[in-house]
Amino acid sequence: MPEQYGSIAQYYHERTKYDPETIAAKGQGLDWSKQPSPFKEYKIGTVFDLKPYLQADAEASAVIPGIAWWQRLSHLLLYSYGITAKVPTMVGQPLYLRSAPSAGGLYPAEVYLISRGTPLIPAGLYSYNPLAHSLTQFWESDVWSDLQAACFQHPALESSEIALIATAIFYRSAWRYQDRAYRRIFLDTGHLLGNIELAGGLTNFRPYFIGGFIDASVNQILYLDPEQEGAIAVVPLIDLAVQQLPLKLPLSCTALPSATQVEYPEVPDGELLAYCHRATQIDEAPVVKSQEQQEVAHLEDKYNFPFCLKVSTRTNPIDWGINLVGLETTILERRSTRAYTGAELTIDELRVLLDFTYQPQHYVDRGFDGDPDYFDLSLIETFIAVSGVTGLEEGCYYYAPKAQELRQIRFKNFRRELHFLCLGQELGRDAAAVLFHTADLKKAVARYGDRVYRYLHMDAGHLGQKLNLAAIRLNLGVSGIGGFFDDRVNEVLGIPTDEAVLYITTLGRPR
């Protein structure tokens, strides 16, 4: 047993690290004949076409019962995971881009809707088809009580009539990224959850993210083959047009612990992703520590080195326009940047990006939720390698969200090293700033068991998506990177070795 790595989540993370000495041996050519489709189709069921509701005008909404509700749901799904562009490719099938980014354009996530049963949407199971922008009701039974039981009677389900469920079809991502795909699947799901959070503000729904549920029960409710597809997150939607005061829920309702597996075999390559997913499942009601027993989340930012340069990030919030019309446009126009010019950003631009991503309380009076759901942000740390930001010295900085300041921990221009760390991608070299999300994996596992690996990557992807949208709003370039030389990042930037690197976001002037 490879016990020196600790739990299975820690073992998986070590095993899937990229290293310059071994990455070539781990690589394999892509079999394009086996490329999976990014769409799941239900051939039997009742189809609810959502496209007409994207065009319905205010006059129709006033005279046709229920049309306003369908308009809001149609837009919520479009902004969350809908098709936003069609791009020709060299291999025949076009690439359909969506409102949420995905590594390699593989889109492993699927979105389902469960209705409790209302005059507008009958009880049952629905699959969202992004290509047709429609819902297919593939099962008519009332399964709401089963969903509540699977989610340990989560209070948001008691107050809602519909819920979204995000699942992952593992092979879609594993086809290209092999075992490391598990990381990317949850980062991609985090992008989706970030969109759902913000789309709720546009459509008057309040989403609640549930990460702690009995996996087998939710999979069974949706009739999934757990070897191929698994439930990742349950998202009840509170209709704020009916219930004006959203629920304030304790953190433990969002993220529940799983078991911690410390005895496991040497899992062969190609089987590690599936093994890790099974090991991070919840099989029964978890034992949740009392507030006194839980480690209290640090009230101050983690790294406060003496004598380090400190730079305030306080700034004015982004103007998203009347009724958040700028957010709607930004979600639909968002694209990952393919190349940067190497030109500098300004410190004010960096401040605004960080403010929107980490300080939601500054946007309450602008139509946003001031306390959106994450699984546990106290576990996530942020470091920024600055190569070209006017008004900010080159080097590596720790971002302290509570103090709202940058703290310099290394004095150096890292352009050459960032090119290497990002697997030779020019995005790393030419970016003005490169942001790293990290977490103390040992500490995180101690709090939530091995399931925390899911929570960490979904939270990192959620933050990354808010960075994406803020950058696009400011006409800046932005692109996430999930492939990097893990240990070398810590070594080069001076990030403590306890911090596992989860995600990288590059920022710069688009070429």
Side-chain angles (χ1 to χ4, degrees), residues 38-40 48-51 53-54 69-85 96-103 105-115 121 126-136 156 160-169 185-211 222 231-240 320 324-336 367-369 372-374 458-459 461-470 472 480:
F39 301 105
K40 183 177 183 178
F48 292 72
D49 188 2
L50 300 174
K51 293 189 293 296
Y53 300 107
L54 298 177
W69 185 88
W70 281 105
Q71 281 180 298
R72 291 192 291 129
L73 181 64
S74 177
H75 282 90
L76 175 80
L77 291 169
L78 176 68
Y79 300 147
S80 297
Y81 209 43
I83 300 294
T84 57
Y96 292 93
L97 302 180
R98 306 194 194 184
S99 51
S102 173
L106 301 173
Y107 302 103
E110 283 290 314
V111 175
Y112 298 85
L113 183 147
I114 296 183
S115 172
I121 183 165
Y126 299 75
S127 172
Y128 175 55
N129 181 343
L131 196 57
H133 191 54
S134 64
L135 286 170
T136 301
S160 56
E161 303 293 341
I162 58 173
L164 303 180
I165 300 182
T167 71
I169 297 179
I185 285 168
F186 286 98
L187 291 172
D188 280 358
T189 305
H191 299 149
L192 169 60
L193 295 181
N195 268 7
I196 292 174
E197 177 218 320
L198 297 173
L202 288 167
T203 57
N204 217 19
F205 288 104
R206 204 302 186 177
Y208 287 89
F209 299 150
I210 303 175
L222 294 174
I232 303 301
V234 179
V235 188
L237 297 174
I238 305 292
D239 190 342
L240 297 183
W320 291 98
L324 301 180
V325 65
L327 176 60
E328 175 183 353
T329 303
T330 300
I331 289 176
L332 297 178
E333 294 180 350
R334 181 217 57 80
R335 296 288 179 270
S336 297
F368 291 88
D369 189 333
D373 277 9
Y374 289 88
M458 283 191 284
D459 279 348
H462 188 162
L463 291 169
Q465 180 61 355
K466 295 184 84 167
L467 278 169
N468 271 322
L469 296 174
I472 298 301

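The chain is numbered in sequence order, starting from 1. These numbers were taken from a predicted model, which means no experiment stands behind them.
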4.5 Å side-chain heavy-atom contact, T203 and Q71: no
Distance in Å, E110 CD paired with Y81 OH, rounded so as to fall on 0.5 Å steps: 7.0 Å
Residues forming a ring pair (Phe, Tyr, Trp, His ring centres under 6.0 Å) with Y126, sequence neighbours excluded: F48
Closest non-hydrogen atom pair, L135 against Y128: CD2-CA, 3.8 Å
Verdict with reasoning, L327 to V325, per side chain to side chain contact (heavy atoms under 4.5 Å, CB included): CA-CA 5 Å; L327 176 60; V325 65; over 6 Å; no
Taking every non-hydrogen atom, the tightest pair across L469 and T330: O-CG2, 3.3 Å
Side-chain donor or acceptor of D49 paired with backbone N/O of S134 under 3.5 Å: no
Interatomic spacing from CG in L77 to CG in N129 - rounded to 0.5 Å: 11.0 Å
Donor on one side chain, acceptor on other, S74 and H133, under 3.5 Å: yes
Over all atoms of both residues, closest heavy-atom pair of L76 and A199: CD1-CB, 3.6 Å
Flag, side chain of S99 to backbone of S80, donor-acceptor distance under 3.5 Å: yes
Flag, side chain of H191 to backbone of P101, donor-acceptor distance under 3.5 Å: yes
H75-Y53 side chain donor-acceptor pair, cut-off 3.5 Å: no
Atom pair CG/CG of L113 and L73 - distance to nearest 0.5 Å: 6.0 Å
Sub-4.5 Å side-chain heavy-atom contact between S115 and E161: no
Closest non-hydrogen atom pair between Y107 and Y96, with its separation: CE1-O, 3.4 Å
Nearest-0.5 Å distance that lies between atom CD1 in I121 and atom CH2 in W69: 4.5 Å
R72 and D239: CA distance, side-chain angles, deciding distance, side chain to side chain contact (heavy atoms under 4.5 Å, CB included) verdict: CA-CA 10 Å; R72 291 192 291 129; D239 190 342; 3.0 Å; yes
Student check: side-chain heavy atoms of Y79 and L198 closer than 4.5 Å: no
Shortest non-hydrogen separation from S160 to I238 and the atoms involved: CB-CD1, 3.8 Å
Salt bridge (Lys or Arg N to Asp or Glu O under 4.0 Å) contacts in which one or both residues fall within residues 185-199, not counting sequence neighbours: E197-K466
Inter-residue atom distance L332.CG - L97.CG, 0.5 Å rounding: 12.5 Å
Derivation and outcome, side chain to side chain contact (heavy atoms under 4.5 Å, CB included), residues L54 and L78: CA-CA 9 Å; L54 298 177; L78 176 68; 3.9 Å; yes
CD1-OG distance between I165 and S127, expressed to the nearest 0.5 angstrom: 11.5 Å
Cation-pi check, R206 onto Y208 ring (under 6.0 Å, within 45° of axis): yes
For the student: nearest non-hydrogen atoms of L164 and V111, plus distance: CD2-CG1, 4.4 Å
Pair Y374-L193, side chain to side chain contact (heavy atoms under 4.5 Å, CB included): steps then yes or no: CA-CA 9 Å; Y374 289 88; L193 295 181; over 6 Å; no
Short side-chain donor-acceptor distance under 3.5 Å, K40 and Y112: yes
